Amino acid sequence: MASNKEILAQDEQIKSINENLEMLVRDRTLDLERKNKALEETAFINGHSLRGPVASILGLISYLKNASRTMRCVK
């Protein structure tokens, strides 16, 4: 059977391991939060950059459809 000293030593070792694990989890969580924020910013910038050209293309498609209908009516 383990003595009190051994049990206390094991308890301290377990506490130390738990503290290290908690610190690792905190550090990784902060790192993931920073990376997610950077990804969100990149997605926002790319989405915003594409919005203008896509709107222009959609406007051109609409114009061509209307022009095509007008040409059919004139004939």
Side-chain angles (χ1 to χ4, degrees):
M1 185 171 214
S3 70
N4 255 358
K5 287 182 182 180
E6 290 173 335
I7 293 173
L8 290 174
Q10 289 174 349
D11 186 51
E12 287 300 316
Q13 187 178 14
I14 290 171
K15 285 180 183 178
S16 175
I17 291 170
N18 282 339
E19 287 173 4
N20 287 336
L21 288 174
E22 288 175 5
M23 190 169 55
L24 278 173
V25 169
R26 263 193 314 271
D27 291 345
R28 289 182 181 174
T29 299
L30 288 172
D31 187 46
L32 284 173
E33 287 173 348
R34 281 191 296 268
K35 288 178 180 179
N36 279 340
K37 185 166 177 62
L39 283 172
E40 287 173 0
E41 290 172 0
T42 300
F44 176 80
I45 291 168
N46 288 336
H48 189 70
S49 296
L50 289 174
R51 191 170 294 134
V54 169
S56 296
I57 291 168
L58 291 174
L60 180 59
I61 290 170
S62 177
Y63 173 78
L64 291 174
K65 283 180 180 178
N66 289 335
S68 175
R69 287 185 195 130
T70 303
M71 295 289 270
R72 282 189 220 141
C73 291
V74 171
K75 289 182 180 180

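In this text the structure is predicted, and so the values were computed from the model without any measurement. Throughout, numbering of the chain's residues begins at 1 and tracks the sequence.
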Could you tell me whether the side chain of Ser16 and the main chain of Glu12 form a donor-acceptor pair under 3.5 Å?
no

Who clusters with Leu64? Use side-chain heavy atoms, under 4.5 angstrom, across I, L, V, M, F, W and Y, and order the result by chain and number.
Leu60, Tyr63

Quick one: list whatever passes side chain to side chain donor-acceptor pair (under 3.5 Å) with Asn20, sequence neighbours left out.
none

Kindly write out the residues that satisfy salt bridge (charged side-chain N to carboxylate O under 4.0 Å, His left out) with Asp31, not counting sequence neighbours, or none if the list is empty.
Arg34, Lys35

What's the separation between atom CG in Asp11 and atom CG in Asn4, rounded to the nearest 0.5 Å?
11.0 Å

Transitive ILVMFWY cluster of Val54, excluding itself - 4.5 Å side-chain cut-off:
Leu58

Running the 4.5 Å side-chain criterion over Ile, Leu, Val, Met, Phe, Trp and Tyr, what cluster does Val25 land in, apart from itself?
none

Spatial distance of atom CZ (Arg69) from atom NZ (Lys65) [nearest 0.5 Å]
7.0 Å

Rounded to the nearest 0.5 Å, the CD1 atom of Ile14 sits from the CD atom of Glu19 at a distance of 12.5 Å

Separation of Thr29 OG1 from Leu24 CG (nearest 0.5 Å)
10.0 Å

In Å, rounded to the nearest 0.5 Å, how long is the span from CD1 of Ile7 to CD of Gln10?
7.0 Å

For Met23, which fellow cluster members are found when Ile, Leu, Val, Met, Phe, Trp and Tyr are connected by side-chain heavy-atom distances below 4.5 angstrom, either directly or through intermediates?
none

